[in-house]
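Just below is one structure, and these are the notes that go with it.
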Amino acid sequence: LGSMDDWTMYQLTADPAYIAAFRRKTAFRAGMMGGSLAGIGVACTAMMMADLKASSRPGAPWLPKKLPKRIAASVVLGFSVCFGFSWLRSRELVGMFLIAPPPGGEEAEASPPRVASATSGGAARTI
């Protein structure tokens, strides 16, 4: 049998520990993707620029000396930005339940919501 993921367990139990784990894992995954893409982008750009410069100057080094530091800095920055945005965007998932609550809960005691009909006394407006 497979285990259930944190989102499904949060839907079933409404335990905040599950949504916190889900948000953390999602943000970490987004951070890893963003950081790796930032590092790859800096490395590819540096290699393209070095190739262009090497063709014009025969004794020029193939890669700049500080390139590993720049790549590491871009990886950390990309990870931080993507992790932060994913964490903030997943905040709206807290309290969202896709599985209907069991009957007889608080919703059963409340009165049903009023639905406005097209034939109610007001004039119809087209937006």
Side-chain angles (χ1 to χ4, degrees):
L1 293 176
S3 62
M4 290 191 198
D5 63 339
D6 292 320
W7 177 251
T8 305
M9 289 302 294
Y10 174 67
Q11 293 291 313
L12 294 173
T13 64
D15 186 7
Y18 290 117
I19 191 68
F22 175 77
R23 289 180 69 194
R24 186 174 47 252
K25 288 177 187 175
T26 304
F28 185 75
R29 187 178 313 124
M32 291 297 289
M33 287 189 286
S36 64
L37 286 176
I40 290 170
V42 170
C44 289
T45 303
M47 285 190 277
M48 293 281 294
M49 295 304 292
D51 189 34
L52 292 174
K53 289 180 184 177
S55 63
S56 63
R57 297 183 313 180
W62 189 63
L63 291 175
K65 292 180 182 178
K66 295 184 180 180
L67 183 61
K69 290 181 183 178
R70 290 180 183 168
I71 292 174
S74 67
V75 167
V76 169
L77 181 66
F79 177 85
S80 302
V81 168
C82 291
F83 183 91
F85 277 128
S86 178
W87 180 263
L88 291 175
R89 292 288 300 174
S90 66
R91 177 179 54 202
E92 61 194 32
L93 295 175
V94 176
M96 183 173 71
F97 295 102
L98 301 176
I99 300 173
E106 296 174 6
E107 289 80 18
E109 298 171 5
S111 63
R114 294 185 302 163
V115 178
S117 65
T119 58
S120 62
R125 291 185 346 188
T126 303
I127 298 177

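The structure displayed is predicted, hence computed values, not measured ones.
Residues passing the side chain to side chain donor-acceptor pair (under 3.5 Å) test with Asp15, sequence neighbours excluded: none. The side-chain contact (heavy atoms from CB on, under 4.5 Å) search around Ala21 returns Asp6, Arg24, not counting sequence neighbours. Applying the salt bridge (Lys or Arg N to Asp or Glu O under 4.0 Å) criterion to Arg70, with sequence neighbours excluded, gives no partner residue. With sequence neighbours excluded, the residues that form a side-chain contact (heavy atoms from CB on, under 4.5 Å) with Val81 are Leu77, Phe85. With sequence neighbours excluded, the residues satisfying side-chain contact (heavy atoms from CB on, under 4.5 Å) with Phe79 are Phe28, Met32, Phe83. Residues that satisfy the side chain to side chain donor-acceptor pair (under 3.5 Å) test with Ser90, not counting sequence neighbours, are Arg23.
In this structure, Val76 stands alone, with no Ile, Leu, Val, Met, Phe, Trp or Tyr side-chain heavy atom under 4.5 Å from its own, directly or through other members.
Between Ser86 and Ala27, the shortest heavy-atom distance links the atoms OG-CA, 3.3 Å. The two residues Ser74 and Ala38 come nearest to each other via the heavy atoms O-CB, 3.4 Å. Here the shortest heavy-atom pairing between Ala43 and Ile71 reads CB-CD1, 3.6 Å. Between Val75 and Gly39, the shortest heavy-atom contact is CG2-CA, 3.6 Å. Between Cys82 and Ala30, the shortest heavy-atom distance links the atoms CB-O, 3.4 Å.
Arg29 contributes atom CZ, which lies 8.5 Å from atom NZ of Lys25 (distance to the nearest 0.5 angstrom).
Taken together through direct or relayed side-chain contacts under 4.5 Å among Ile, Leu, Val, Met, Phe, Trp and Tyr, Tyr10 and Leu12 form part of one hydrophobic cluster.
Counting only distance, with no hydrogens or angles, the side chain of Thr26 and the backbone of Phe22 share a donor-acceptor pair below 3.5 Å.
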